[in-house]
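Values in this document were obtained by computation on a predicted structure and should not be read as measured data.
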Amino acid sequence: MLDLAAPPYDRTGIRVGIVHLGVGGFHRAHQALAVDDLLRRGEARDWGICGVGLLPGDAAMRDALLPQDGLYTLVTKHADGDLDARVVGSIVEYLFAPDDPEAVLERMAHPDTRIVSLTITEGGYNFDQVTGAFDASAPGVVADARPGAVPATVFGYVVEALARRRARGLPPFTVMSCDNVQGNGEMARAVFAAFAGLRDPELGRWVHDAVAFPSSMVDRITPVTTEADRALVAERFGVQDRWPVVAEPFFQWVLEDRFPLGRPPLEDAGVQLVADVEPYELMKLRLLNASHQAMAYLGRLAGYEYAHEAVADPDLARFVRGFMDREATPTLAPVPGVDLEEYKATLMARFGNPAVRDTLARLGAETSDRIPKFLVPLVRDQLRTGGEVRLSAAVVASWARYAEGVDEHGEPIEVVDRLADRLVPLARSQRADPLAFLRAPALFGSLVEEPRFVEPYLDALDSLHRVGARATLAGL
């Protein structure tokens, strides 16, 4: 057993400079790790993190982190079975918003807070998947926009804190999105300004014009922590950790360098600071994230539980790599400093890391927030330029089959999706009406009117119903 030491820096006196909304495994394996790296170098003592949980489910993170003074174990799992572990100390405060909304607002409004960062998931931005418009009718938004409302949504908290700073003559903090949303900085600007405009049109214009919203691309596979992971940390490293984090070795963070109130020296922690994130972002969304969707549903239907098992299947591996090469790569512009062939080979190796044990269930969750962002824009680009869409159509068909909620042996599949109540009945009606699922305009727009997409979609769906996923993959 190896004993892990506490972080090798004095945590007393570290000031909060970053408030992070949505503390989960990814944030703790990524942004918090980068700040911890800087603190270990004797830097960034004005950039400690205050983590904030907004949702009722975040009470579990509160209950894990508070007794541990914000400390947690990060375990890196290498493909050869080697493990690295460290105790991360960059989260120096944690607030659960439902316990004390005012404490959260005042922490964000405090002059020391210069960055408010977000990992609120793709669905947290509350915009229409097709039009991109902010949904002002969402019940939480309506409630938070009322005069004097105690916030409950991310929009209510961020905009109220910005309004307080404005009233006090303080400059606005930078809002840094770290979610897998294309153009996440501009999307954050649009939705937060739209919400602010519901409260006061002038406030909405000020948020749009005065607040910085840098874009970013973040990448590290971080599977859900299991009881086996907790036991491993206890047995291997001698640490009783209520909620450790596990991750793959790969780490990438590309960040638009736009921080009017300053930022930590993130370049010293391996972050790429660039003027334009878009090429990197599209590369990741269309090669990594879309490929996750390509393996998730077909892999689960073929009987696999984990990503590494799925890509060990030669037919599924060829399908995923073929999708990358023939349908995703043609939609990408050159990416500065990146060899795309090498990047794709690295992705396949990452998917095949058996130590990470990333579940296909995780990759296939909340698909209504993923395929419309990762895959549908790619399909539209290919249709516009005359490129191939056959494999993309098969990915969508595999989601439609998966969403029926029953596997090929009659066993239930848990469809984890905010739209599951609508999607599962649609999917179950498609044996009689094969285009029922594809007609959901909020997810696919007008793809159902594109013969070049509809034909391979129907072929793949029919094959999945008739002969199953393994034979369908062999045919593809």
Decide side chain to side chain contact (heavy atoms under 4.5 Å, CB included) for Tyr94 and Met61; before the verdict, give the C-alpha distance in whole Å, the side-chain angles of both, and the deciding distance to 0.1 Å.
CA-CA 9 Å; Tyr94 187 85; Met61 187 63 71; 3.7 Å; yes
Between Leu105 and Arg164, does the side chain to side chain contact (heavy atoms under 4.5 Å, CB included) criterion hold? Intermediate values first, please.
CA-CA 9 Å; Leu105 290 168; Arg164 292 185 183 192; 3.5 Å; yes
Starting from the C-alpha separation in whole Å, work towards a yes-or-no answer on side chain to side chain contact (heavy atoms under 4.5 Å, CB included) for Tyr157 and Val19.
CA-CA 12 Å; Tyr157 275 101; Val19 173; over 6 Å; no
Given the rule in the salt bridge (Lys or Arg N to Asp or Glu O under 4.0 Å) test, do Asp325 and Lys344 qualify, once you have shown the distances and angles that lead to the verdict?
CA-CA 9 Å; Asp325 290 340; Lys344 288 182 285 189; 2.8 Å; yes
Would Leu288 and Phe374 satisfy side chain to side chain contact (heavy atoms under 4.5 Å, CB included), going step by step from the backbone distance to the final call?
CA-CA 9 Å; Leu288 182 142; Phe374 306 156; over 6 Å; no
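Ion pairing between Arg470 and Glu408 fails under the 4.0 Å rule for side-chain N and carboxylate O. Checked for salt-bridge contact, Glu305 and Arg362 miss the test: no charged N lies under 4.0 Å from a carboxylate O. Asp37 has no carboxylate O lying under 4.0 Å from a charged side-chain N of Arg40, or vice versa, which leaves the two without a salt bridge. We find that Arg418 and Asp369 are joined by a salt bridge, their nearest charged nitrogen and carboxylate oxygen being less than 4.0 Å apart. The pair Lys373-Glu122 does not count as a salt bridge, with every side-chain nitrogen at least 4.0 angstrom from each carboxylate oxygen.
Atom CD1 of Ile18 is separated from atom SG of Cys50 by 11.0 Å, given to the nearest 0.5 angstrom. Separating the CD atom in Glu281 from the OG atom in Ser216 is a distance of 8.0 Å, to the nearest 0.5 Å. Within the model, atoms OG1 of Thr472 and CG of Leu301 stand 9.0 Å from one another, a figure rounded to the nearest 0.5 Å. Here the CD atom belonging to Gln68 is positioned 11.0 Å from the CD1 atom belonging to Ile91, to the nearest 0.5 angstrom. Rounding to the nearest 0.5 angstrom, the gap separating the OG1 atom in Thr346 from the CG atom in Leu340 is 11.0 Å.
In this structure a side-chain-to-backbone donor-acceptor pair under 3.5 Å is missing from Asp257 to Ala275. Distance alone, capped at 3.5 Å, places no donor-acceptor pair between the Thr113 side chain and the Ala109 backbone. The main-chain N or O of Asp69 is found under 3.5 Å from a side-chain atom of Arg11 such that the two form a donor-acceptor pair. With Arg86 contributing its side chain and Thr76 its backbone, the two residues share no donor-acceptor pair below 3.5 Å. For Thr222 (side chain) and Phe26 (main-chain N/O), no donor-acceptor pair under 3.5 Å exists by modelled atom type. Side chain of His110 to backbone of Gly17: no donor-acceptor contact under 3.5 angstrom is found.
Shown here are the ring pair (Phe, Tyr, Trp, His ring centres under 6.0 Å) partners of Trp243, two or more places apart in sequence or in another chain: there are none. When the side chain to side chain contact (heavy atoms under 4.5 Å, CB included) test is applied to Pro98, the partners found at least two apart in sequence or on another chain are Phe96.
Side-chain contact annotation: Ser177 with Tyr125, donor-acceptor N/O pair under 3.5 Å present. Remark: the Asp36 side chain and the Tyr9 side chain contain an N/O donor-acceptor pair separated by less than 3.5 Å.
The only option from Gln272, Arg220, Lys284, His30 that meets the side-chain hydrogen bond (donor to acceptor under 3.5 Å, both in side chains) definition with Gln252 turns out to be Gln272. For the pairing with Val92, the side-chain contact (heavy atoms from CB on, under 4.5 Å) check across Leu39, Thr12, Ile14 returns one residue only, Ile14. A salt bridge (charged side-chain N to carboxylate O under 4.0 Å, His left out) with Lys77 is found for exactly one of Asp82, Asp84, Asp229, namely Asp229.
Taking the six-membered ring where tryptophan is involved, the planes of Phe134 and Phe155 are perpendicular, since the angle between them exceeds 60° and thus also 30°. Using a 30° and 60° split on the angle between ring planes, His292 and Phe351 fall in the tilted class, from 30° to 60°.
Crowding of Arg422 atom CZ: a count of heavy atoms from other residues, nucleotides or ligands under 6.0 Å not exceeding 12. Within 6.0 Å of CG on Asp421 lie no more than 12 heavy atoms contributed by other residues, nucleotides or ligands.
Geometrically, Arg357 engages Tyr306 in a cation-pi contact defined by less than 6.0 Å to the ring centre and at most 45° from the axis. For the pair Arg189 and Phe213, the cation-pi criterion (under 6.0 Å, within 45° of the ring axis) is not fulfilled.
Side-chain atoms of Leu33 and Phe251, non-hydrogen and from C-beta on, do get closer than 4.5 Å to each other. Proximity of Tyr304 to Met295: side-chain heavy atoms (C-beta onward) are nowhere separated by under 4.5 Å.
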